[in-house]
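Inspection log for the structure reproduced underneath, given as structure tokens.
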Amino acid sequence: MRTTRRRRWMLAIAAAAALATMTAIVAHGATQQSTIKMDLWMASGTPEETGVAALVKKFEAAHKNVDVTVTYKAFADYTKTIPLKLASGDAPDVVQGNQGYGLDSTLVKRKLIIPLDKYAKKYGWIKLYGPASLSQYRLRSDGYWDGKSQLYGIGHHVDFVGVFYNKAKLRQLGFNAPPKTLAQFEAVLAKAAAGGERGYLFGNQDGISGTWVLGSLIGHYGSAAYVRNWLNGRPGTTWVNSANRRATNKLLDWVRKGYVTEDFNGVPYPDSITAFSEGEGVFLVTGSWVAAGVLDKLGKDVGFMNFPKGPSKKFQGIGSLSLPWHVSSKSENPDLAAELVNTLANAAAGPVLLKHGRIPSFATPGAKAPNALLREIGVAWQQMRKDNGQLLYLDWSTTTMLTELERGIQEVLGGQITTNQFLARIQKNWVDFQKTWRK
Amino acid sequence: MRRLTPYLYILPGVGAYFVLAFIPLLQTGWISFHEWDGIGDPLWVGLDNYRELVSDEAVRGTFTNALVLIIYHSILPVVLGLVLAALLTRVALRGAGFFRVVLFMPFTISLVVVAVAWQWIYAPQGPANAALDAVGLDSWTRGWLGDFTFALPAVGITAAWVTFGFPLVLFIAGVAKIPASLYDAARIDGAGPVREFFAVTLPALRNELVIAIGFTVITTLRSFALVYVMTQGGPGSETRVPAIELYERAFVQFDVGSAAAIGIALTALIFLVTVAIVYAFERGQE
């Protein structure tokens, strides 16, 4: 009898313990469920990383139950990995893409990312960014980049090409102000050449910096709107036009006159940045994104300006907003993901980005850049923005255009093909590519 | 059971070969008949990818470049290896072991390291031009890797430098096997060092030659890292090789089908060349 009672007691205790444990497990599960885990993938490269990290923290502070994990990958690996990652079973919620046919077209065609038009409306992106600058993120749902269909992404800072110049060198050569016109720009190069120095630092071994300076010259002679229409495949536009011919010939002229680095096709692009940072040459035409590195070495001697205006009287050149933020079509919380994108891209993000060394895509009245060089870059951007002068990047036009342009520019500047052959070859690539979309 | 034992021994090797080489090869072949971006459903296009390869001048150019590179990446190292092996084995050199190690060393260095180092050597302000300047050949200086005529030979010489240690070691080992009596007989017959080399050494190295030539030709045809790091295929497309074309199509343009077709074409070419080399030497032996 006693033993039975004891056993009963024990059973009751055991049952209670089991029940308690189960409740604990259930309760634990409940709290876990209310914590939302989100994944964000991006291409790495400071100071972009630090700015995004600060904004993500801000988002998490506003959403106590959300935990965002940020994954970085070097750009070259990133663009190759991201389509497969988005197609896989554990797609990140928010990712960076890349405009044009390099990446975004594939992501849209394969329905890996969703249109953001309703969020753009909700958060007021169109007004903040200006409708023209967002056309770079507008694609047809079959992946054709027409610049006017659905909005698939938004990029919060700007990456554009301009002229870094060495103020001390300009003074040495007898110029008290940076050149305002192309003639003045060339006068500096001529004076430097007369003194035995090649004023324009050109490292074109991979051909990429050749595409940038050619774009600057096309912006000088031609129309940014026309180039954008060509990139978007508008019928009737062509690469074989007088602005492009004059731009190519001008660059060729600089090569022949000894204004640019000798043997430029054999000089790696990073070496030209290093040389400029160490005080060689006068001009370096490259992207605003190298500012931090150049500033570290040259300090107050470095300045930045847009490439001189031409007949259009507009500041036009290679440039675009940064890699777009996309929302995965597999995200379980698309609204929340869009809100995260908004935290990265709204007006309040501007001062944070600026503090971390990036020029926001929109005007940030009152916010001050951390150094003089960034202020100059900011001014140049506002000029280009006001003139709607972004040519975007020429290689966005087809899947093979980057290699085609890089090779073509090396060959035309190396005297292997004529300007007309170069222009025709680029146009042929465009025509062949456009045909594949029309069949 | 006993009769099965030998097969059990080779099972791991054959299994690994099937999983890691043969099945991927079949898959690549299958993909090469499709238009595929690596994500969605592949679209059957039959032989279209191959037709496009044959008609694309740029692709044919990459194969021509690879064939030109054979001179530098295969023939030059084998000849150099033969000459050095003959010298190193003939002359009783103090510290011969040391020299062998030094000569073999380049072959053991990572190709990326080699490529970066030689990029610097060939730079407009680099040591190659400095050396030319020093001996009064300043009219010859140039940015070697950016020169439309000399970029491919420049890459080729780097390839020769990095490769020649391998045939050299093979040949030194091969010469050691040759009975001294053969050399004695040759000498009694009045052969000089050159005659001795062609009459005794070279014929005895037949097997080593097949391996050295076969191996270096295969490495040439599938070479990627050296060219990619040194020139990315430039200037223009002077140094573009099939592997770079394949890489760009597969991983930059997401055109996996035609990249697979290049891979299959390259595999077929390598197979044919290897068979031709072995056949040529075996025929020579009869």
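Here the structure is a predicted model, which is why all the values come from computation and not from measurement. Proteins get letters first, then strands, A, B, ... in listed order; numbering begins at 1 in each.
At most 12 non-hydrogen atoms from other residues, nucleotides or ligands lie less than 6.0 angstrom from OH of Y17(B). The number of heavy-atom neighbours closer than 6.0 Å to CZ of R256(A), taken from other residues, nucleotides and ligands shown, is 12 or below. More than 12 heavy atoms of other residues, nucleotides or ligands lie within 6.0 Å of CD in E52(B), so this atom counts as buried by the packing criterion. For NZ of K73(A), the number of neighbouring non-hydrogen atoms (other residues, nucleotides, ligands) closer than 6.0 Å is 12 at most.
In this structure, P124(B) and G266(A) approach most closely via the heavy-atom pair CD-O, 3.8 Å. Nearest heavy atoms, G38(B) versus L84(A): O-CD2, 3.5 Å. Residues F254(B) and T79(A) share a closest heavy-atom pair of CZ-O, 3.5 Å.
Among residue pairs with one or both ends in residues 111-128 of chain B, those qualifying as side-chain hydrogen bond (donor to acceptor under 3.5 Å, both in side chains) are Q205(A)-Q119(B); sequence neighbours excluded.
For the atom pair CD1 (I39(B)) and NZ (K111(A)), the distance works out to 12.5 Å, reported to the nearest 0.5 Å. Residue T141(B) holds its OG1 atom at 7.5 Å from CG of D263(A), rounded to the nearest 0.5 Å.
Contacts between K109(A) and chain B at a heavy-atom distance below 4.5 Å involve the side chain alone, from C-beta outward. For F251(B), the parts sitting under 4.5 Å from any heavy atom of chain A are the backbone and the side chain alike. Within the 4.5 angstrom heavy-atom criterion, only backbone atoms of D41(B) (N, CA, C, O) approach chain A. Of the atoms belonging to R240(B), it is side-chain heavy atoms, and not backbone ones, that fall under 4.5 Å from chain A.
The stretch residues 423-435 of chain A places none of its residues near chain B, where near means some heavy atom under 4.5 Å from a heavy atom of that chain. Listed in order of number, the residues of residues 392-407 of chain A that approach chain B to under 4.5 Å between heavy atoms are T399(A), T400(A), T403(A), R407(A). Residues of residues 90-104 of chain A lying under 4.5 angstrom from chain B, judged on non-hydrogen atoms, are G102(A), L103(A) in numerical order.
Between chain A and the options G233(B), A151(B), G40(B), heavy-atom pairs under 4.5 Å are most frequent for G40(B). Per-residue counts of heavy-atom pairs under 4.5 Å with chain B were compared for E411(A), K80(A), R110(A); the largest is that of R110(A). Taking R249(B), E238(B), R142(B) one by one and counting their heavy-atom pairs under 4.5 Å with chain A, the maximum is reached by R142(B).
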